[in-house]
Amino acid sequence: MSKSIRIWDLKGRILVIAEKPKAAKKIASALSPTHTMKRIGSITIYEVDSYSSSIIIASSVGHLYQLHTSLRGYPVYSYEWIPLHLADPSKKYIREYLEVLGKLCRGVDYYVNACDYDIEGSVIGYLIIKFNGDERKAFRARFSSLTIEELRKAFNNLTRLDYEMIEAGLCRHELDWIWGINVSRALMKAVEDAVGEKIILSAGRVQTPTLKYVVDKVIERNLFIPLPQYNINITVEKNGEKIRLEYTGNPVEKERDARNIVEKIRGYKYLIVSKVEKKHHILHPPPPFNLGDLQKEAARLYGFSPAETQSIAEQLYLDALISYPRTNSQKLPPTLDYRRILGNISSIKSYRNLVESLISETKGVLTPVEGEKEDPAHPAIYPTGVVPGRLTEKQWAIYDLIVKRFLAVFAPPAKIVHYVVKAATPSHEYVFETKGQVIEEYGWLKYYNFHNYHAGKIPVLKEGELLNIVKATVSESYTKPPKRLTKTDLLRWMESVEIGTEATRAQIIEKLFERKYLYQHRKSSGIDVSEIGFGVVEILEKFFPDLLSVELTRKFEKEMDNIRSGVKKRSEVLEEARRVLTELLGKFDRNRIEAGKQLALRLKIIQNTRKCRVSSCYREGVVNGLCSHHANAVKLVREYYSEWGRRKDITFNEYIDKLRKSKLTGKWVKEVIESELT
DNA sequence: GCAAGGTC
C-alpha cells in the first residue's frame with residue numbers, strides 16, 4: 001500500500017500522537033488555527049473538529065516504555081517492554097502521560113504516529129499504539145521540520161505504519177540491551193564469584209569505545225619520554241626598535257648543529273629583509289549553534305562540562321527562551337521571523353546597541369549563514385525572542401552565547417590580514433621570520449566577541465632593507481606529551497566517530513565517571529583513568545573485543561539499513577547476535593574466576609601474590625617481576641637513550657636524572673626510574 | 001543492577 005491519505009478523509013475519532021508536548025502544540029496549530037485546548041490533570045491535549053471527524057492531538061514525552069527482564073543471571077535473551085516509570089522511579093511523570101494516552105487510545109477509531117520521523121520516533125509512537133490501541137488502524141505522518149507547511153503536507157500525505165523503520169528501531173534497542181546487559185552482568189558476576197563482593201560494573205556499545213579511547217591516550221602519556229630540541233632566537237633592530245625573529249628551521253634536533261648556526265650568524269652584522277607578504281583573508285561567520293558546538297564553546301569560554309551546558313540549555317528551553325537544544329542541525333528554519341526575534345531581543349538592555357548596529361549594517365536584509373550538519377527532527381538552536389526574567393549567572397552565560405551567535409550569523413564577514421616578514425643572512429643560507437595577524441574589519445566578530453583577534457600593527461619593513469643583529473642565542477626545549485583529554489575532547493571524539501546522539505553523549509561521559517572508570521585529574525581540567533578503568537578494558541579486550549571499537553556501531557547501522565530495505569529481518573539479526581554472544585560469554589565463563597581476580601586486584605579488594613615490583617602498581621608481574629606497562633617503560637627508557645645521545649652529549653646517568661626531574665616524563669617511566677634504574 | 005535512546 002503506497003497510496004497516501006489525507007487526515008481529513010478519515011471519518012470518526014482520530015488520535016494524533018506527538019513525540020513531545022511542544023510538538024503537539026505546533027501540530028495542532030498547523031491542523032487548524034481554531035483548535036481547542038483541553039487539560040486532563042496536568043496534561044494538555046488539543047482538539048480539531050470537522051463535519052465528519054474529530055481529531056485529538058496528544059503527546060508522548062520521548063520513550064514511554066523500556067526493555068526489562070525479571071530474570072537474573074546471564075546469558076539472558078528474554079525481555080519485554082514495560083512502562084518506563086515502573087523501571088525507573090525517577091521518571092514518575094511518565095505515568096500520567098501514559099494514563100492519558102491509554103484512555104485516549106481506547107476511545108478512538110484511528111491513530112496517527114506523528115512523532116519525529118526517525119527510527120526512535122517510529123518506535124515511540126508504535127509502542128503506544130500497540131499496547132493501548134490497534135495498530136491495524138494506524139497511520140504515519142512524515143515531516144522533517146515542525147513548520148506549518150511541512151506539517152500540513154505530512155497530514156495530507158499520511159501513509160501506513162512504517163514497519164521497516166519500526167523493526168529497525170526495535171532491533172537497535174534489543175541489540176544494545178543484549179550486549180550491554182549480558183556483558184555488564186558477566187563482569188559483575190566475575191568479581192562476585194572471585195571475592196564475594198557486589199560492585200557495579202558496566203559495558204556498552206557507546207561507553208566502552210569511549211573509555212578505550214581515553215585509556216589509549218593515557219597509556220601514551222604515561223609512557224612518554226621527552227626529547228631535547230634546540231631553538232635559535234635572534235633579535236634585530238630597526239630605528240631603535242627591537243624585533244624578535246624566529247628561525248624558519250626551528251626546532252633543530254642536534255645541539256651542535258644549533259650552536260654552529262648561531263656561530264655563523266654572529267659572524268654577520270645584519271640580516272636582509274627578503275620578503276614582506278600580506279594576505280587578506282575573509283572570515284565568514286560561524287553557523288548557528290547545534291548542541292555540540294554550544295557545549296564546546298561553553299567549555300572553551302567558561303569551563304562548563306558538556307553535561308552542565310546541556311542541562312542549562314534544557315532549562316532555558318523549558319522557559320521558552322531558546323528553541324529545542326538537543327539538535328545536531330546548523331541550519332535555521334527559513335520560515336522563522338528573524339526580524340521579530342531581533343526586535344524582541346533589542347528590548348533587552350545589553351543587546352539593544354548590538355541589534356541596532358546589526359540592522360543598520362545589514363540594511364535589514366537578514367540572511368543567515370548555515371553549516372553542513374543536519375538533523376531530521378530539529379533546526380539549529382536560536383533565541384525565541386521571549387525576554388528572560390531572572391537567570392542565574394550560568395544560565396545567563398549560555399543564553400548570552402546563543403543570542404550573540406544568532407546575531408553573528410546575519411552579520412558580514414570579518415576581514416583579517418595575515419602577514420609574514422622574512423629576513424635572511426647575506427648568504428641567504430639562514431632565513432628568519434616574524435608572523436602575525438591584524439583585524440581590518442570586525443564584521444561578525446563585533447556581535448560574537450569571543451575570539452582573540454587583536455587589532456595590532458604590522459611591522460613597517462621593506463624588501464631589501466638591512467636589519468642590525470643585536471642578539472643570537474640557542475635555547476633548549478623538549479618535545480611535549482599529548483595533552484590530557486577533557487570531557488569536551490571526549491564529546492568531540494564521539495561526534496567525529498558518530499557514536500551516541502546529541503541527547504546522550506554528555507550523559508554517557510558522566511556514566512564513565514559514576515562507574516569510577518575515569519576521574520578528574522587533581523591539578524588540571526583533564527581526565528585520568530583509574531585502575532579499574534584499565535582493568536575493565538583489559539578484560540574486555542580479551543573476551544569481548546567487539547565492544548571496544550566503534551566498528552560495532554557501524555555493524556549495527558548496516559543491519560538497521562538491511563532491515564529498512566527488507567534485505568534482513570529483525571529476528572535474523574538478533575539470532576546472529578545471540579549466537580555470537582553466547583559463544584563469547586561461554587568462553588568468559590571458563591575463565592571467570594581468573595577474570596574476577598584481575599578485576600578485584602584493580603579494585604584493591606585483594607592483594608596480588610605476583611604483584612608488579614613497582615610498589616604503587618596493582619597489576620600482575622609478567623616480565624621480570626614487572627607488569628606489561630612498566631616493563632615497556634624500562635624498554636623505552638633504554639631505547640630513547642641512543643636518540644638523546646645523538647642530539648646531545650650526555651651520560652646515561654645524566655639522562656636518567658633529566659627524565660626524573662622533568663614534568664614532561666610519563667608517570668610509568670618515572671616509576672620505573674625510581675624502582676629499577678637508580 | 002546492568003545499555004542506549006527519547007524528553008520533563
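Side chain to side chain, A:His63 and A:Glu120 meet the donor-acceptor criterion of an N or O pair below 3.5 Å.
Judged by a 6.0 Å distance limit and a 45° cone about the ring axis, A:Lys604 is positioned over the six-membered ring of A:Tyr618. Cation-pi geometry between A:Lys487 and A:Phe513 is satisfied (NZ or CZ under 6.0 Å from the ring centre, within 45° of the ring normal).
Using cut-offs of 30° and 60° for the angle between ring planes, the A:Trp493 and A:Tyr213 rings count as parallel.
Residues passing the side-chain hydrogen bond (donor to acceptor under 3.5 Å, both in side chains) test with A:Glu19, sequence neighbours excluded: none.
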Reading nucleotides 2-7 of chain B from 5' to 3' and marking B where a protein heavy atom lies under 4.0 Å of the base, S where only the sugar-phosphate is that close, and - otherwise, the string is BBBBBB
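As rounded to whole Å, 16 Å separates atom P of B:dC8 from atom CG of A:Asp88.
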